[in-house]
Amino acid sequence: MLDKSFDPAAIEQRWYQRWESAGHFSARDGETPAYCIQLPPPNVTGTLHMGHAFQQTLMDALIRYHRMRGFNTNWVVGTDHAGIATQIVVERQLEEEGKSRHDLGREKFIERVWQWKQQSGATITRQMRRLGTSANWTYADTEGQKAGYFTMDAAMSRAVVEVFVRLYEEGLIYRGKRLVNWDPVLGTAVSDLEVDTEEEDGRIWELRYPGEGFSMVVATTRPETMLGDVAVAVHPDDDRYRAVVGKRVQLPLTGRTIPVIADEYVDPAFGTGCVKITPGHDFNDYQVGRRHQLEPISMLRLDAHVNDNAPQKYRGLERFEARRQVLADLTAQGLLVSDKPYKLRVPRSGRTGVIVEPMLTDQWFVKMEGLAKPALDAAASGELKFYPEHWTTTYRQWLENIQDWCISRQLWWGHQIPAWYDDAGNVYVARSEEELKKKHPGKAFRRDPDVLDTWFSSALVPFSSLGWPQKTKDQDVFLPSSVLVTGFDIIFFWVARMVMMSLHFTGKLPFRDVYINAIVRDAEGEKMSKSKGNTLDPLDLIDGITFDALAKKSTVGLLKAEHRQKVQGYIKAHFPNGIPAFGTDALRFTFASLASFSRTLNFDLGRCEGYRNFCNKLWNATRFVLMNTEGKDCALDEKAPVELSTWDRWIVSLLQRTEAEVEQAFAEYRFDNAAAAIYRFVWDEYCDWYLEIAKDQLAKGSEAVQRGTRRTLVRVLETSLRLAHPIIPFITEELWQSVAPLAGKKGESIMLAPYPKSQPERIDTAAEAEVETAKAVVNATRNLRSAMKIPPKERITLFLTGKPSATTLAATISLARSEPKLVDELPDTGSPVAVVGAHRLMPHIEIDPAKERERLNKELSRLTNEIGKAKAQLGNASFVERAPAAVVEQMRERVAGFEATLAKVSAQLQKLSQ
RNA sequence: GGGUGCUUAGCUCAGCGGUAGAGCGCUGCCCUUACAAGGCAGAUGUCGUAGGUUCGACCCCUACAGCACCCACCA
């Protein structure tokens, strides 16, 4: 006997362990078609947030769905070493001990990071298991931790080196001194994508550079960089400055003179039309400098302090300190023309938030243009498909304007670049130092200290996880994978680069479909952020959390008192009683229900509660079915006589329709539609109607009818459980274990049972129509009862015209608590009347004629209104002429139906008035 | 500057060239042995604005407004 209400905590852990230890998550060799998903590998240092939970719910639903449909499913998972992010975490730990990574040295530091990785890496995979993810944990699991691959393990690293070497040999990787975005705090280059430019309030200054008999006024938001100026530029067509182009001006504070040059880049309408040119610290100026063969001057050290290229006075000053000094000195010399507030775009490092400095440094780059072309073609030809489709535009536009990718990072944690230098500074790229020494015996080499951008190894995951560069059978079977489920924020970082790398090295796409999932926001549509306190931990939704614990947890690590206060306020307002335990299934169903093609997903606790209730409904429906079928004859013996009522055939018919809806929804990645179809079928039809009528059939039916009812009860329920399993795996498994045997199904686990397939031949339109009428009569009766304030328990006599079917009668008796009396004409009393198709019904009850007239008049005016609208359309000659015949016919039937009802209603009204 | 998405019930969102929908919330009545995490009944909308196409527009087209996001080198 099941408990009265379902308790997720009691079942979830148990089932997950059984599934995993039984090996149900592994791929199955065989003839079946393959279905493969590559998990976006989470960072080792991270914890599961709502975005992960959402994504993984969708992936797991897809995997379970296809596994049940007989596909050879392989959900390849792993974790990412997340270079910068992880290094920062460990550096912060050291900081607390009063140390820096330099105190440890590179080797010891990396050891320390590995230690940290071992202990924290398991966190996210443990959380994933709580979500029920049926991932192939032991696949590509070189470390034996049942956590899939790790992007820095030996197998994955081999692929990274191989790709680097091959790209180098093909001339697609080069090293060079370029202006790159530099994070002065981390002391590393970062890629364009890792820089966020935000509009901020700043100032703009105008500086005067004196020349012989003239002077130039330039505008700048970064006056300190004037120490690195190499020219002043004007537009070639600007008449104001035509005469001075080619002359030189004094660069204040430096004792240098710089030329006035003409370049199209300058907008003569902006400011004075003169631009200072600082090729060492500005990307535009860098281009201008190249065009005019002007040598860039770096005036900052890598830590963003002024270097020795500047006058003595400024050396060693931090960049903003230098700014103040420069401005003060210019003011003193009368060369500061103006100083105004100004909105400017400030480039900040995505990791540290510090202002990024364009810095001239030696870096490694990948030439992207040639790689991008095939990636563009794949999307254009439709071989690679985005869902929702509009993301193709984003993908395409980025690839069309792609820049070379700076892949070197001046960090310690990551794949060290497989490049060496000899004493003369020549570069050698090789698979290993041994290989290099064999080729060049006796030579001494020094390895390049830089590591690769994390995304370099991520880009290879679709094939490196399958064993590349070795030839493996899995690459034939699982590449391309079926679908990538990921967020739009990494279309450039990851999706596009995987496509390019896969096509280049394997000739295959990494995946056929890309499903871009919505971004999870809070219920009001606000971005989730720690400082607002509106983040949710998926595990808190699953296990529940008290107000106190939540408040404490949300403020830990918040340094500012104002933030703490804000967070406390938010939690008090939104979670005054903490969060109840909804369980994994409810959370998953919520995610699925909210997964439409919209760009954001506003996570609403109310919805989650509603779907928890749905789980409870399913639980209790099963409880009811078991109570009525266990130990009883459910017609497992096919020879026993079985009689199926219209209601029985109807629910089976609807089940076929639901199965078809769900199949289509999965095919279109419309998880919301799949969830809604299941919800409606289980709750609105099976529970609200079929179970209720089944009670009647079990109480009053013949032996054959009872047997048919029990058979229908268990079979439809058993099928519904399988239908819902991909979304709510735990509760369906738990219930299925009891229900399946009654339905004659055997199997170790529901997750291995076949997925329900719609059988169109079992759609019974006649039964559906008959039940529609029965429902309408019941609804109308209930409506009258309620309007007339008849106590719910009171049985009433109900006069019915139009020879109702047995289906209708049974429903009226049991679901509307009525004793139908079949008549040709309703008796001549003042009782209220409702009209349903061919039937008129009238509860036998004394009423207030005035109130009843009011009710009938309301109905009359509604009908008149509808008839008016419909007739107006039919009166339109061009409608009748040009609209499809079926539509016109439908409209005529509509009018006829309304008019018949109207006639009956007004007759009744007339009677009342006598 | 270029691009994308959104605007439908109090809230969060589906939707479709032919009768405006769901969940939550709200109102009323019910603890009826599957389920009060429930049952039954009910109220609520100039479908952002203005044009156009069409027999017919919430839906298609154009413009505009508001909101959100992405990309981009204006000092």
Side-chain angles (χ1 to χ4, degrees), chain A residues 2 4-6 192 197 204 206 218-222 233 265-267 269-278 282-288 342 344-345 388 390-391 393-394 397-398 401 488-489 491-492 519 523-525 527 580 582 586 590 593-594 596-628 670 672-673 676 679-680 684 687-688 691-692 695 779 782-787 789-793 815-817 866 869-870 873 876-884 886-888 890-891 894 898:
Chain A
L2 297 177
K4 194 168 172 184
S5 55
F6 102 110
D192 307 351
T197 49
I204 190 164
E206 284 181 313
V218 297
T220 180
T221 55
R222 304 201 48 202
Y265 156 70
V266 180
D267 174 4
F270 187 91
T272 57
C274 305
V275 184
K276 64 192 270 306
I277 300 299
T278 322
D282 184 284
F283 288 99
N284 294 317
D285 295 3
Y286 183 74
Q287 295 304 329
V288 175
Y342 191 68
L344 66 156
R345 282 168 211 287
H390 70 257
W391 289 110
T393 311
T394 307
Q397 287 180 350
W398 186 69
N401 300 298
F488 78 86
D489 49 330
I491 289 179
F492 308 144
I519 297 299
E524 281 91 31
K527 229 178 219 168
F582 294 122
T590 309
S593 298
L594 295 174
S596 64
F597 274 175
S598 128
R599 190 180 285 207
T600 54
L601 181 164
N602 294 355
F603 191 88
D604 184 350
L605 225 55
R607 293 289 288 261
C608 196
E609 190 175 342
Y611 296 123
R612 188 267 319 259
N613 295 352
F614 173 73
C615 291
N616 191 48
K617 191 78 178 174
L618 186 59
W619 181 271
N620 276 291
T622 303
R623 207 160 80 96
F624 170 80
V625 171
L626 291 176
M627 280 166 53
N628 286 284
R670 286 300 303 265
D672 57 333
N673 289 347
Y679 185 100
R680 279 195 305 264
D684 299 347
C687 291
D688 283 355
L691 288 193
E692 294 305 324
K695 289 174 185 170
N779 284 337
R782 284 169 167 175
N783 180 313
L784 288 178
R785 290 185 61 122
S786 182
K789 304 219 184 303
I790 300 169
K793 283 184 182 168
L815 305 185
R817 290 188 172 263
E866 293 289 352
K869 278 201 289 189
Q873 272 222 47
N876 183 341
S878 48
F879 169 72
V880 179
E881 229 169 83
R882 309 176 77 152
V887 172
V888 177
Q890 193 188 340
M891 194 61 73
R894 199 170 141 74
F898 281 144

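First the proteins, then the strands, lettered A, B, ... as listed; each starts at 1. Computed from a prediction, not measured in an experiment: that's the story for all the values here.
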According to a strict under-4.0 Å criterion, is A:R607 in side-chain N/O contact with OP1 or OP2 of B:U12?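 No, because none of the side-chain N or O atoms of A:R607 sits under 4.0 Å from OP1 or OP2 of B:U12.
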
Looking at B:C35, I'd like to know if its phosphate oxygens (OP1 or OP2) sit under 4.0 Å from a side-chain N or O belonging to A:N613.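 False: A:N613 side-chain N/O out of range (4.0 Å or more) of B:C35 OP1/OP2.
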
At 4.0 Å (heavy atoms only), tell me whether [X] reaches a base, stays on the sugar-phosphate, or touches nothing.
{"X": "A:P884", "answer": "base"}
{"X": "A:E692", "answer": "base"}
{"X": "A:F270", "answer": "base"}

Suppose you measure atom [atom1] in [N] against the same atom in [M]; what distance do you get, rounded to whole Å?
{"N": "B:G23", "M": "B:U4", "atom1": "P", "result": "35 Å"}
{"N": "B:A20", "M": "B:C13", "atom1": "C1'", "result": "15 Å"}
{"N": "B:G17", "M": "B:C47", "atom1": "C1'", "result": "15 Å"}
{"N": "B:A14", "M": "B:G56", "atom1": "P", "result": "30 Å"}

Nucleotide nearest A:R882 (side chain, heavy atoms from C-beta), chosen from B:C24, B:C30, B:U54: B:U54

If one requires at least 3 consecutive Watson-Crick or G-U pairs with distances under 3.5 Å, the stems of RNA chain B turn out to be B:1-7 with B:65-71, B:10-13 with B:21-24, B:26-30 with B:38-42, B:48-52 with B:60-64

Going by the salt bridge (charged side-chain N to carboxylate O under 4.0 Å, His left out) test, which pairs reach into residues 604-617 of chain A, not counting sequence neighbours? A:E609-A:R612

Could you give the [atom1]-to-[atom2] distance, from [X] to [N], as a whole number of Å?
{"X": "A:N620", "N": "B:G39", "atom1": "CG", "atom2": "C1'", "answer": "13 Å"}
{"X": "A:W391", "N": "B:G5", "atom1": "CH2", "atom2": "C1'", "answer": "8 Å"}
{"X": "A:F492", "N": "B:A72", "atom1": "CZ", "atom2": "C1'", "answer": "11 Å"}

For A:F6 and A:F582, which heavy atoms make the closest approach, and how far apart are they? CZ-O, 4.4 Å

